[in-house]
Amino acid sequence: MPATVIIDLCFGDSGKGKCSHYLAPKFDAGVRFNGGDNAGHTIITDDNKKFITHLVPASLLLDKPSFISPGVLINPEVLSLELHKNDLDESLLTIDPNCPVITEQHLQKDLETGVKVGTTGRGIGPCMSDQVNRTGIRVRDYLKNGGILEGTVDNTGKKLRALLKQGKNILFEGAQGHFLDLWHGTYPYVTSSACTVGAVCTNAGIPPQEINRVIGVFKAYSTRVGNGPFRTEITTLLADQIREVGKEYGSTTGRPRRIGWLDLEMIREACQINGVTELIITKADIFSELCNRNLSNIINVAYRSLHNGQPKYQQFETWKDLYCKQFLKFISFVEDYLQVPIKHISSGPKTSDMIIV
Ligand code: IMP
Ligand code: MG
């Protein structure tokens with residue numbers, strides 16, 4: 001099981017950070033291969049310590065060799081703060097010299113140009129524009145110009161290929177989500193990098209044959225931060241209730257997330273494009289909470305498009321807990337539809353809140 005990839009199948013914020021932290025002990029190393037500090041991963045340990053990471057893979061929290069490969073945009077200040085705030089061992093972190101560096105000018109420009117899309121304001125689009133224009137500053141130039149960066153700067157692709165050759169297991173942690181992908185997402189309401197499994201090869205520099213496990217993560221409902229199409233969006237009071245119970249506020253920007261029903265047609269497309277081999281469903285426990293508080297006794301799931309593009313819904317009863325028959329009925333519908341097995345069910349915010357199926 002050399003290279004495993006974990007990706008979000010919708011618009012991000014499905015709990016990939018928690019899932020990566022849960023899986024990390026079984027791996028020898030972890031890698032971030034796309035995005036930048038627009039990502040925000042929330043990790044809550046058993047002793048109730050909360051970590052929010054933006055750039056480093058979860059493996060670093062477990063003191064394992066960790067890598068930031070080309071394709072990840074680095075804001076050196078954010079990286080430094082993240083390492084210090086979380087008391088992480090920078091000697092275990094290798095950063096590729098080809099990573100683009102986000103500058104003050106990129107941040108300024110994003111404030112002007114990112115309004116329409118509703119970006120996170122982290123300079124992602126302008127930094128990627130410079131990279132594509134071949135005018136960007138990369139980590140190697142930044143260091144040559146006297147910049148300071150914590151971590152070791154080295155060729156990450158070479159190191160990763162060597163580890164794979166030794167039979168080591170490596171977890172590649174995706175950022176953002178399939179439908180925020182520059183090519184397959186809801187353009188122009190997307191981020192400026194690739195979020196699909198293919199980015200592991202093009203960015204991290206490992207051959208596709210090494211990837212034999214692709215874990216797709218999705219929530220029992222949908223959320224979206226920023227602008228753009230969201231056909232299952234809920235516009236009633238229930239959206240506010242789900243947001244409150246599910247704590248659906250951006251971990252990078254604090255913005256309230258838009259709430260919608262699970263769109264299985266979209267998730268199926270993401271499974272097919274990314275060759276997903278197994279699934280993790282998260283936040284189904286939010287419906288237990290809504291059910292037990294008598295806030296909602298139904299959940300809708302979009303599973304097909306009508307002629308006008310609007311989704312057709314299947315309705316389910318909500319569940320008191322994740323072991324009752326209502327939940328099992330919902331889960332088997334999802335699995336039948338996606339034709340991919342659900343291997344883990346996240347049952348709460350802490351890393352160990354996980355049911356193995
Ligand atoms: P940018 O990546 O900051 O340029 O933002 C582009 C779009 O992607 C905006 O709608 C953001 O809200 C969204 N986005 C970027 N990163 C994330 C993420 O990690 N989770 C969820 N949405 C994100
Ligand atoms: Mg997030």
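All residue numbers refer to positions in the sequence shown, counting from 1. Counting starts at 1 for both ligands and their atoms, following the listed order. Keep in mind that this is a model prediction, so the values were computed, not measured.
- The environment of CD1 in Ile148 is sparse: at most 12 heavy-atom neighbours from other residues, nucleotides or ligands sit within 6.0 Å.
- Looking from atom 2 (O) of ligand 1 to the surrounding protein, the closest heavy atom is Thr191 OG1, 2.6 Å.
- Under the side-chain hydrogen bond (donor to acceptor under 3.5 Å, both in side chains) test applied with Glu248, the options Lys219, Arg258, Arg243, Arg255 reduce to a single match, Lys219.
- Those atoms of ligand 1 with a heavy atom of Val190 less than 4.0 angstrom away are 6 (C), 7 (C).
- Judged by a 6.0 Å distance limit and a 45° cone about the ring axis, Lys325 is not positioned over the six-membered ring of Tyr323.
- Within ligand 1, counting atoms from 1 as listed, the ones closer than 4.0 Å to a heavy atom of Asp13 are 20 (N), 21 (C).
- Checked by distance only, ligand 1 and Ser192 stay at 3.5 Å or farther apart across all their nitrogen or oxygen atoms.
- Shortest non-hydrogen contact noted between Val214 and Ile211 is CG2-CG2, 3.9 Å.
- Residue Thr119 touches ligand 1 through backbone and side chain together, judged by heavy-atom distances below 4.0 Å.
- Annotation: Gly125 places no N or O atom under 3.5 Å from an N or O atom of ligand 1; distance criterion only.
- Not a single N or O atom of Asn227, backbone or side chain, sits closer than 3.5 Å to an N or O atom of ligand 1.
- Val225 O, 3.1 Å is the protein heavy atom nearest to atom 10 (O) of ligand 1.
- Between Lys64 and Pro25, the shortest heavy-atom contact is NZ-O, 3.2 Å.
- Judged by the 6.0 Å distance and 45° axis criteria, Arg224 is positioned over the aromatic ring of Phe11.
- Heavy atoms of Ala39 come nearer than 4.0 angstrom to ligand 1 in at least one pair.
- The protein atom (non-hydrogen) at minimum distance from atom 3 (O) of ligand 1 is Thr120 OG1, 2.6 Å.
- Shown in contact with Phe11 at under 4.0 Å from a heavy atom are these atoms of ligand 1, numbered in order with element: 21 (C), 22 (N).
- Checking each of Phe333, Phe287, Trp319, Phe316 against Phe327 for a ring-ring contact (aromatic ring centres under 6.0 Å, His included) leaves exactly one that passes, namely Trp319.
- Counting just the N/O/S atoms of Asp13, the one with the shortest distance to the Mg ion (ligand 2) is named OD1.
- More than 12 heavy atoms of other residues, nucleotides or ligands sit less than 6.0 Å from atom CD of Glu265.
- Of the protein's heavy atoms, Leu180 CD1, 3.9 Å lies nearest to atom 13 (C) of ligand 1.
- Taking 2.8 Å as the threshold, Gly17 does not count as a candidate ligand of the Mg ion (ligand 2), since none of its N, O or S atoms lies below it.
- For the residue pair His84/Glu150, the side-chain donor-acceptor check at 3.5 Å is satisfied.
- Within a 6.0 Å radius of CD1 in Ile137, no more than 12 heavy atoms belonging to other residues, nucleotides or ligands are found.
- Taking only nitrogen or oxygen atoms, main chain and side chain alike, Gln176 reaches within less than 3.5 Å of ligand 1.
- Looking at ligand 1, you'll find an N or O of Arg255 within less than 3.5 Å of one of its N or O atoms.
- At least one heavy atom of Gly118 sits less than 4.0 Å from an atom of ligand 1.
- For the pair Ile74 and Leu79, the tightest heavy-atom approach, listed with the atom from each and the gap, is CG2-CD2, 4.4 Å.
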